[in-house]
Student: 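Below: one structure in structure tokens.
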Amino acid sequence: MSKLFKISSIFDLDAFPKGAVTNAEASLVQDSFGRPYAIPVIVVRGSKPGPVLGVTAAVHGNELNGIKVIHKLVQGIDPEQLSGAIVAVPVFNVPGFIRHQREFSDGNDLNRIMPGKETGTEAQQYAHAILNKIVAQFTYLIDLHTASFGRINSLYIRADLADPKTRKLAELQNAEILLHNCGTDGTLRSAAARFGIPALTVEVGNPQLFQESMIQRSVTGILNVMAHLEMIEREISVESEPNICSKSYWIYTNAGGILEMSVALRAIVEEGQEIARVTDCYGTLVKTYHAPEKGIVIGRSTNPVNASGARILHLGVLGENFSSCPI
Ligand SMILES: [Zn+2]
């Protein structure tokens with residue numbers, strides 16, 4: 001393996017060679033052996049000036065499609081022809097990735113505790129260090145996620161669609177659904193937005209696997225964004241008009257048993273339409289669930305083992321009735 005460039009403090013693009021791809025390792029926080037977590041960073045610095053597009057993946061350690069999106073993206077770019085830079089963090093949550101788990105090693109969800117804390121818990125210090133030393137240097141951020149275990153997702157975007165700049169980036173993503181969402185619950189996206197960085201969360205399918213067609217669609221989406229930002233010369237290609245949702249929510253069961261879904265991903269359901277059934281272990285119907293209003297199935301359960309309170313589906317309410325997110 002070639003020697004890795006070391007990042008031990010604030011990321012400095014000028015330290016990287018122009019017209020080249022450089023693999024780096026950020027050592028910002030130490031584990032209990034006193035060893036730094038080796039956070040991988042790929043820097044594609046163009047030969048010409050331009051914006052710094054940050055792309056992060058596996059903030060949740062079991063959400064892997066984004067890693068392959070980054071590899072394909074980087075391998076398809078000629079840095080000699082690039083204006084600006086791509087700074088990619090393919091595995092943001094290093095200990096979670098190693099453990100095949102969503103959370104950080106101490107059980108915290110890194111995408112709920114942003115912006116972290118310099119003198120806080122291990123996860124808070126880790127979040128704070130990457131956010132302030134690396135992400136803060138980006139001009140734009142695309143944060144790649146997937147569904148969690150036991151669930152599947154469409155290819156959809158969570159973003160502040162009331163912000164015209166962010167909305168344009170979202171529209172170029174080649175996604176099936178665009179969901180207006182402020183991400184105020186400690187997400188990396190909202191923390192980046194507070195630095196003035198337009199940011200998207202891209203939900204790329206399902207956990208702990210590689211889905212080639214979704215990966216390719218996402219790569220095309222990021223290339224579209226780069227063409228729009230004049231980082232590369234390329235024809236913008238959007239496969240289909242996305243459905244726009246003004247809000248969304250999960251529908252949960254209130255009876256335990258065996259869950260069987262009645263609707264597919266991306267289905268448009270009408271108010272009152274059956275969406276799922278719960279039976280007991282003898283096969284007797286316990287309860288039928290119906291859509292409370294018209295909407296689109298953004299994500300859904302794939303796990304038949306259903307305690308009372310399990311998730312059924314993530315319903316997107318179609319429409320453009322939304323207002324600006326608070327900063
Ligand atoms: Zn995630």
Side-chain angles (χ1 to χ4, degrees), residues 39-40 54-71 73 88-116 123-124 126-127 130-131 134-135 138 141-160 166 169-170 173 175-193 197 199-211 214-215 217-219 221-222 245 248-250 265 297-303 310-311 313-314 316:
I39 302 153
V55 188
T56 49
V59 170
H60 293 132
N62 62 346
E63 301 184 359
L64 310 183
N65 275 330
I67 297 172
K68 188 80 178 173
V69 170
I70 287 174
H71 292 168
L73 175 73
V89 183
V91 180
F92 192 105
N93 177 356
V94 170
F97 171 82
I98 292 167
R99 289 170 172 79
H100 310 244
Q101 75 182 28
R102 173 185 172 90
E103 299 83 8
F104 194 71
S105 46
D106 63 3
N108 276 295
D109 185 331
L110 290 178
N111 215 32
R112 297 289 180 275
I113 60 164
M114 290 288 172
Q124 284 173 329
Y126 187 92
I130 304 185
L131 178 69
I134 300 176
V135 175
F138 299 164
L141 169 66
I142 297 177
D143 185 26
L144 302 164
H145 285 252
T146 75
S148 289
F149 282 134
R151 309 203 275 273
I152 51 176
N153 265 352
S154 52
L155 178 59
Y156 83 96
I157 309 296
R158 301 166 76 87
D160 176 3
T166 307
L169 302 185
Q173 274 305 310
E176 294 158 340
I177 298 166
L178 308 185
L179 169 64
H180 175 69
N181 177 281
C182 294
T184 46
D185 45 0
T187 60
L188 176 57
R189 173 163 58 95
S190 62
I197 302 169
L200 305 178
T201 305
V202 184
E203 296 280 349
V204 192
N206 310 339
Q208 206 69 42
L209 47 81
F210 282 160
Q211 292 168 281
M214 283 223 187
I215 289 166
R217 257 185 98 133
S218 293
V219 172
I222 299 173
C245 294
S248 72
Y249 53 92
W250 276 91
L265 213 52
V297 180
I298 296 176
R300 45 155 276 192
S301 172
T302 51
N303 185 1
R311 290 168 194 252
L313 63 79
H314 183 196

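Whatever order the structure lists ligands and atoms in, that order sets their numbers, starting from 1.
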Student: So, using side-chain hydrogen bond (donor to acceptor under 3.5 Å, both in side chains) as the criterion, who are the partners of S154 when residues are at least two apart?
Tutor: none
Student: How would you list, by chain and number, every residue that makes a side-chain hydrogen bond (donor to acceptor under 3.5 Å, both in side chains) with Q101, sequence neighbours excluded?
Tutor: none
Student: Taking atom types as modelled and ignoring hydrogens, do the side chains of T201 and H145 form a donor-acceptor contact shorter than 3.5 angstrom?
Tutor: no
Student: Check for a donor-acceptor pair, side chain of D143 on one end and backbone N or O of V55 on the other, with a separation under 3.5 Å.
Tutor: no
Student: Say whether, by atom type as modelled, one donor and one acceptor occur between the side chain of E176 and the main chain of L155 under 3.5 angstrom.
Tutor: yes
Student: Which side-chain N or O atoms in residues 107-115 pair as donor and acceptor under 3.5 Å with protein atoms at least two apart or in another chain?
Tutor:
unit_1	atom_1	unit_2	atom_2	d
N108	ND2	D106	OD1	3.3
N108	ND2	D106	OD2	3.2
D109	OD1	H60	NE2	2.7
D109	OD1	N111	N	2.8
D109	OD2	H60	NE2	3.4
D109	OD2	R102	NE	3.2
D109	OD2	R102	NH2	3.1
N111	OD1	L188	N	2.8

Student: So which protein N/O/S atoms does the Zn ion (ligand 1) have within less than 2.8 Å?
Tutor: H60 ND1, E63 OE1, E63 OE2, H145 ND1
